[in-house]
Amino acid sequence: MTSRPSPSRIWPLFALNFFMADMQSGIGPFVGVFLQERGWASGLIGTAMTIGNVAGMLVTTPIGGFIDSSRNKRLWVVIPGICVVLASAIILISQNFWAVTASQVAQSLASAAIVPAVTGITLGIAKQKGFNALNGRNQAFNHAGNMVGAALSGYLGYKYGYVSVFVLAAVFGAIAIACVLMIPANAIDDRQARGSKEDESKNPPDAMSVLLKHKPLLVLALALAIFHLGNAAIVPLYSLAAVAEGQANGPSFVATTVVIAQGVMVVTSLVAMQVAGKRNYWPVILVSFMFLPIRGVLAFFVTGWWGVVPMQVLDGIGTGLQTVAVPGMVARSLDGTGRINLGQGAVITVQGVGASLSPALGGWIAQWIGYGPTFLLLGGFGLASMALWLAFGTHVKKY
């Protein structure tokens with residue numbers, strides 16, 4: 001019988017999830033405006049950020065493999081924490097192109113490692129049986145951290161300037177390092193953390209080719225990539241449409257969208273944990289896909305402040321469901337392979353490709369046909385994900 005993890009392991013883990021929220025997004029949303037105020041052209045800003053994003057996508061899957069093999073899972077949180085502190089320090093010290101690019105690469109490395117690392121630690125503490133419940137609470141704390149981090153960044157940036165935002169990210173990174181070191185090393189079962197079988201000498205971890213042979217993982221990754229190809233552009237375009245029509249103030253509008261969505265995600269994460277515990281992850285992910293077409297239709301008919309609350313509530317529900325169900329399904333479907341964290345990294349990578357392409361796709365389409373029809377088109381990607389999820393239901397329903 002599995003004993004419930006002790007508070008000495010759980011509260012540092014919850015605190016880690018709270019403070020790592022600012023490590024995931026970090027200084028990214030503020031870098032462009034910060035550099036623009038210092039005379040940078042938009043092309044150079046985009047190039048530096050793109051190099052960082054590409055670096056993050058390239059290393060996410062390999063980092064998952066390293067985390068599987070590592071006997072010190074906490075180290076893979078310490079490294080991202082250091083990267084966030086360095087990213088903030090570098091960009092404050094120098095705005096040279098290569099220095100800024102290095103800061104963006106460091107931030108991307110942190111974002112790439114932190115999710116599979118914390119997933120592995122959670123699995124190592126709770127084991128497969130307790131992972132769903134503990135991961136659901138992790139995500140609630142993570143979204144709460146995102147909400148508080150966004151609000152603090154907005155307030156500090158308004159009152160003291162963008163330097164304070166970078167200092168805040170560095171402080172959150174340092175606190176996250178302290179939190180993970182408070183988790184006893186012997187509380188993390190390395191075999192459980194990577195999903196290995198009982199006797200590893202007779203059943204060594206599967207080869208990395210498991211990623212290409214594992215149909216549930218492939219279906220999940222492709223469905224998420226299609227979903228985020230439509231989803232990632234909705235909020236930026238919605239904000240642009242509202243501001244362009246003079247219906248909203250830019251900074252306050254964007255800050256409001258973040259706070260509303262993250263607040264809803266806190267509640268949704270706990271609900272998703274309960275539903276998945278009683279059934280499985282397949283219907284939870286299916287429902288999460290449904291909210292994108294609804295948001296597309298809503299954005300078509302309503303713009304500005306009238307639509308921001310329902311738009312972000314729907315986004316919070318859909319994304320909140322996925323933050324619990326996706327890591328849970330990967331962990332459950334790859335259990336016994338010894339490659340759970342590699343799988344987490346691979347899914348994040350493929351999903352990230354869709355999200356990275358979405359703003360460019362949405363931006364060009366909006367330029368050609370206008371904002372309204374673009375929202376409908378982007379919402380249609382949610383229908384495509386649903387169709388794929390249902391078509392290959394035999395491979396994923398049991399999870």
Side-chain angles (χ1 to χ4, degrees), residues 1-21 23-24 60-83 109-142 145 173-201 203-206 273 323-324 326-345 347-348:
M1 186 174 175
T2 305
S3 61
R4 190 168 182 167
S6 69
S8 64
R9 306 172 186 181
I10 296 301
W11 285 107
L13 181 64
F14 290 158
L16 167 62
N17 276 274
F18 183 91
F19 288 104
M20 80 180 223
M23 293 169 65
Q24 289 172 267
T60 302
T61 302
I63 282 178
F66 290 136
I67 293 169
D68 279 330
S69 303
S70 174
R71 298 286 180 180
N72 186 356
K73 298 292 187 288
R74 299 184 305 169
L75 177 65
W76 292 95
V77 174
V78 173
I79 293 172
I82 293 172
C83 284
L109 290 173
S111 300
I114 192 69
V115 174
V118 174
T119 299
I121 290 171
T122 305
L123 261 173
I125 292 174
K127 316 298 188 288
Q128 188 70 228
K129 186 176 180 181
F131 178 73
N132 174 62
L134 189 53
N135 181 53
R137 286 179 284 169
N138 277 353
Q139 296 306 324
F141 276 93
N142 184 257
I175 296 175
I177 292 173
C179 291
V180 78
L181 293 177
M182 290 172 64
I183 301 172
N186 59 8
I188 305 167
D189 185 323
D190 287 316
R191 184 183 61 78
Q192 290 282 347
R194 61 181 176 272
S196 288
K197 295 177 181 176
E198 292 290 338
D199 188 348
E200 288 188 331
S201 60
N203 298 288
D206 290 354
M273 173 189 77
T323 57
V324 172
V326 172
M329 183 173 171
V330 173
R332 188 174 291 176
S333 67
L334 288 176
D335 188 32
T337 66
R339 294 295 184 184
I340 285 178
N341 297 298
L342 178 69
Q344 298 283 1
V347 169
I348 292 170

Peer 1: Indicate the atoms forming the closest heavy-atom contact of Asn341 with Pro116, along with that distance.
Peer 2: OD1-O, 3.1 Å

Peer 1: Where the side chain of Arg71 meets the backbone of Asp190, is there a donor-acceptor pair that is under 3.5 Å apart?
Peer 2: no

Peer 1: For the pair Asn142 (side chain) and Asn17 (backbone), establish whether a donor and an acceptor sit closer than 3.5 Å, ignoring hydrogens and angles.
Peer 2: yes

Peer 1: Looking only at non-hydrogen atoms, find the nearest pair between Gly343 and Leu334 and report the distance.
Peer 2: CA-CD1, 3.7 Å

Peer 1: I want to check something: taking the side chain as every heavy atom from C-beta on, are Thr337 and Leu342 in contact at a cut-off of under 4.5 Å?
Peer 2: no

Peer 1: Quick one: closest heavy-atom pair of Leu109 and Cys83, and the distance?
Peer 2: CB-SG, 4.3 Å

Peer 1: Would you compute the distance between atom CG of Leu16 and atom CD1 of Ile177 and round it to the nearest 0.5 angstrom?
Peer 2: 10.5 Å

Peer 1: Can you see which heavy atom on Gly120 is nearest to which on Ala193, and at what distance?
Peer 2: O-CB, 3.1 Å

Peer 1: Taking the side chain as C-beta and beyond, is there a heavy-atom pair between Pro12 and Val180 under 4.5 Å?
Peer 2: no

Peer 1: Apply side chain to side chain contact (heavy atoms under 4.5 Å, CB included) to the pair Val347 and Met329, showing each step before the final yes or no.
Peer 2: CA-CA 11 Å; Val347 169; Met329 183 173 171; over 6 Å; no

Peer 1: Do Val77 and Ile114 have side-chain heavy atoms sitting under 4.5 Å apart?
Peer 2: yes

Peer 1: Under 4.5 Å between any side-chain heavy atoms of Asn135 and Met273, yes or no?
Peer 2: no

Peer 1: Can you find a pair of side-chain heavy atoms, one from Val324 and one from Asn132, that are under 4.5 Å apart?
Peer 2: yes

Peer 1: Hey, could you give me the CG/CD1 distance between Asp68 and Ile63, rounded to the nearest 0.5 Å?
Peer 2: 12.5 Å

Peer 1: Output the distance between atom OG1 (Thr119) and atom CD1 (Ile67), rounded to the nearest 0.5 Å.
Peer 2: 8.5 Å

Peer 1: Quick one: does Leu13's side chain get under 4.5 Å of Leu134's, heavy atoms only?
Peer 2: yes

Peer 1: Indicate yes or no: at least one non-hydrogen side-chain atom of Arg194 is less than 4.5 angstrom from one of Arg339.
Peer 2: no

Peer 1: Show the nearest heavy-atom pair for residues Ala331 and Gln128, with the distance to one decimal.
Peer 2: O-NE2, 3.4 Å

Peer 1: Find out whether Met20 and Val118 are in side-chain contact, i.e. whether some heavy atom of one side chain is under 4.5 Å from a heavy atom of the other.
Peer 2: yes

Peer 1: Run the side chain to side chain contact (heavy atoms under 4.5 Å, CB included) test on Gln344 and Val330 for me, step by step, so that the C-alpha distance in whole Å, both residues' side-chain angles and the decisive distance to 0.1 Å come before the verdict.
Peer 2: CA-CA 6 Å; Gln344 298 283 1; Val330 173; 3.7 Å; yes

Peer 1: As an exercise, state the distance from CD1 of Ile175 to CZ of Phe18, rounded to the nearest 0.5 Å.
Peer 2: 9.0 Å

Peer 1: The criterion is ring-ring contact (aromatic ring centres under 6.0 Å, His included); which residues satisfy it with Phe14, sequence neighbours excluded?
Peer 2: Trp11, Phe141

Peer 1: Could you tell me whether a side-chain N or O of Lys73 sits under 3.5 Å from a main-chain N or O of Ala117, the two making a donor and an acceptor?
Peer 2: no

Peer 1: Please find the pair of heavy atoms, one from Ala126 and one from Phe131, that lie closest to each other, and give the distance.
Peer 2: CB-N, 4.0 Å

Peer 1: Will you find, in the side chains of Thr122 and Asn138, an N or O donor that is under 3.5 Å from an N or O acceptor?
Peer 2: yes

